[in-house]
Undergrad: 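I'd like to ask you about the structure that follows.
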Amino acid sequence: MPVSDYLVTIGLEVHCQIKTKTKMFCSCKAGFGYEPNTNVCPTCLGMPGALPVLNEFAIERTVLTGMMLGCSTPPVSKWDRKNYFYADMPKNYQTSQLDLPLCIGGEVPLYTWAYPADAKVPAAEGAVVRKVKLDHIHLEEDAAKLTHYHGYSLVDYNRGGTPLMEIVSAPDLTSPDETYAYLKSLQQILICGGISDADMEKGQMRCDVNVSLRPKGQKELGAKIEMKNINSMSAARRALIYEIHRQAEELDMGIAQVQSTRRWDDDLGESIVMRTKENAHDYRYHTCPDLIPVHTAPIVEKVEPLMPELPDARYARLQEQYGVPAADAATLVADVALCAYFEEAAALSKAPRKVANWVINGLQAALTEHEQTIAERPLTPAALAGLVDIIEEGIVSNNQAKEVLAELWDKPEVKAADAAAKLGYKKADSGALEALVEKVIAENPDKVALVKAGNTKLINALTGQVMKNSNPKPNPKLVTEILSAKLGL
Ligand code: ZN
Ligand code: MN
């Protein structure tokens, strides 16, 4: 039967590195880019007798994440050991949380703008298509980084013991497109709260997906098949599309699926079975005797004032406060740095809607061209606001403004109006301009007759005549306006 006759159920486990200065249970530096195995100590190397000390900041950031996602925090949260034997974990157990995590329940909103570019976005009232249920969020430590070569492997313990938050969804996603939107929306929320940079390419956010199929009408879920460590949103989407078709084909042939873990090979575009059946009891979880449980009330109280404006609220506010069109608001919300830049510039301009357009188009194009980032601020928000203002005042056209922008680039001290003047763009003396327009009308009776007869395109030729004879160069839009008025169009 066709794939569409199966109900698809997807669940996600997202691991996210928290932006902290130090590791989860010791004072070693967190973060990457250091010489391998230089940020280590007896605790994170699992030496006998070394004891852990909690990183309070990481706990606060996890509780804040829960608050942003509408989770509840139990009054007491505790730590558990998850036993496994592998070179990336020198203690032979990962300190994690099993039954009393820091956050319980909650939901991840799927934002309308977070779907893949080629996906059909379901209709929505505002910014949120629907909310996907979470099971819980817990805090644990990351494992060391292993790099495999032919015949040997190298291990870097710098990453071992750094704070890692795990966001576990309920089996509440129904398609690869939704999964993509879930990851993108979650990433934006994490960045917006300052929790993590959540860059999947850098491994700051990693995801395990599980998917099961069952025929329509069947109540109980099918066998859950998991794919681990998927490192991009589009890879998650591809892996799921592949896996759904693979399972449907096998089910059609009468091959029952077994709970298993598969490895997704994004280059080959296929998944390969790694191991079957793996349950919580395989890890022999038990309460960590070295760490006392956390009483969460004071943490919740401390974190509450840090609650940021969430992307959907910002999306609504940008439209209301600045009159920015919905599509532009979505673009701005998706990039926290760009949005902050826009708001700085908008506050200095009389035409914030136009500022949004320039931030999204002109500025971004120039940044790409110069291979610079918004963080470097080669054009100050004040300069951009000034640029938009001289367009509004009729000193330059949109096209001329691009020349002015090039003139302002990397020169924070130069004002837009001065740069425009240097290029010969001044506010036209309206009397002189009108006289010039009248002269051009008088000199081109044949063209004027054709324009009046309905060939409105010819008005551009007349505008061109006026432009050619003007110095300083006026705004062509203004010239066309004056022409139209004089010709009674
Ligand atoms: Zn350490
Ligand atoms: Mn985990």
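In each ligand, atom 1 is the first atom listed, and ligand 1 is the first ligand listed.
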Undergrad: Any N/O/S of H15 under 2.8 Å from the Mn ion (ligand 2)?
TA: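 Short answer: yes, at least one N, O or S atom is under the cut-off.
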Undergrad: Hey, are R246 and E243 close enough for a salt bridge, meaning a charged N less than 4.0 Å from a carboxylate O?
TA: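 Salt bridge between R246 and E243, a charged N being under 4.0 Å from a carboxylate O: yes.
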Undergrad: When you measure from the side chain of S260 to the backbone of I225, do you find a donor-acceptor pair of N or O atoms at a distance under 3.5 Å?
TA: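 Answer holds: no.
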Undergrad: SG (C26) to the Zn ion (ligand 1) to SG (C44): angle, nearest 10 degrees?
TA: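 Seen from the Zn ion (ligand 1), SG and SG are separated by roughly 110°.
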Undergrad: For K78 and T287, test the side chains for any donor-to-acceptor distance below 3.5 angstrom and give the result as yes or no.
TA: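 Result is yes, a qualifying pair exists.
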Undergrad: Are E226 and K224 close enough for a salt bridge, meaning some N to O gap below 4.0 Å?
TA: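 No salt bridge links E226 with K224.
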Undergrad: If I consider every N, O or S atom in E140, which one ends up closest to the Mn ion (ligand 2)? I only need its name.
TA: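 Within E140, restricted to N, O or S, the Mn ion (ligand 2) is closest to atom OE2.
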Undergrad: Between SG of C41 and SG of C28, what angle is found at the Zn ion (ligand 1), rounded to 10 degrees?
TA: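 About 100°, to the nearest ten degrees.
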Undergrad: Hey, is there an N, O or S on E166 sitting under 2.8 Å from the Mn ion (ligand 2)?
TA: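 Yes, E166 qualifies, because one of its backbone or side-chain N, O or S atoms lies under 2.8 Å.
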Undergrad: State, without any angle test, whether W409 and E369 hold a side-chain donor-acceptor pair at a distance under 3.5 Å.
TA: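 Side-chain D/A pair, W409 to E369: absent.
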